[in-house]
Amino acid sequence: MIAPIPSPTWQPAAARVIPIVAPANLRTRGLVPEIVTLSWAPKNSADHFDFSLDLSAILDATGDHVAAIERVEIPTASGLPTQLAVLWSSIVNGLACIMLGGGAPGETDEIVVYVVTQQGRRLAPRILLAITTETDASIPTPAPTMTGGVPVPPNAIRLPSGLILTDDNGKPFLIA
């Protein structure tokens, strides 16, 4: 399989990377494993922050790598401007990265990241994210977008003229 290509222009924040590991096989010993709740460090409602998942441990020794993020869902979001929103998602340096903005202060949202690997494995980890109430700004500033409101991930291919290279459907081409 093709290993991830490092991104020369942008690095995911190490403080907001969660490793996804295979659960211990305790059933063979007659034990029931604990359910571990995954959660990212809290964010302020006005912040735009990248949050990432590292699936290398769960894919260890398979020769497989993350190929794409199919979609990201926030089951509790109602679509209001003060709700947590996915601004973009992309694979950067082999990590499944998403940029989140907004969020209702004092709430804890659940995010489901649907990931597919090069060999066809599918994972859908659920992660909690608490939204803090440190400031009164509950509506974030808008994320960078192209014409038509398409969000611009940091690993989008930017032409020397400054324009973003896109496919026929208007989606930006990405440095994997």
Which Ile, Leu, Val, Met, Phe, Trp or Tyr residues join V116 in one cluster when any pair of side-chain heavy atoms under 4.5 Å counts as a link? none
Would you say the side chain of L59 lies within less than 4.5 Å of the side chain of Q119, judging by non-hydrogen atoms? no
Any heavy-atom pair between the side chains of V115 and E70 that's under 4.5 Å? no
Give me the atom names and distance for the closest heavy-atom approach of [X] to [Y].
X    : Y    : value
A67  : I91  : O-CG1, 3.9 Å
A104 : I131 : O-CB, 3.4 Å
G94  : V66  : O-CG2, 4.1 Å
P42  : T132 : CB-CG2, 3.6 Å
L53  : P125 : CD1-CG, 3.6 Å
G103 : S45  : O-CB, 3.0 Å

For S56, all residues meeting side-chain hydrogen bond (donor to acceptor under 3.5 Å, both in side chains), sequence neighbours excluded: D54
Applying the 4.5 Å side-chain criterion to the ILVMFWY set and letting contacts propagate, would F51 and L123 be lumped into a single cluster? yes
Quick check on the hydrophobic clustering: are I58 and W40 connected, directly or via other members, by side-chain heavy-atom contacts under 4.5 Å? yes
Separation of [Y] [atom2] from [X] [atom1] (nearest 0.5 Å):
X    : Y    : atom1 : atom2 : value
E110 : E73  : CD    : CD    : 10.0 Å
I74  : L100 : CD1   : CG    : 5.5 Å
T108 : L129 : OG1   : CG    : 8.0 Å

Residues pairing under salt bridge (Lys or Arg N to Asp or Glu O under 4.0 Å) where one sits in residues 112-121, two or more places apart or in two chains, turn out to be D64-R121
Pairing residues for [X] by the side chain to side chain contact (heavy atoms under 4.5 Å, CB included) criterion, not counting sequence neighbours:
X   : result
A13 : R16, D50
V72 : I69, V86, S89, I98, I111, V113
L38 : I18, I20, I127

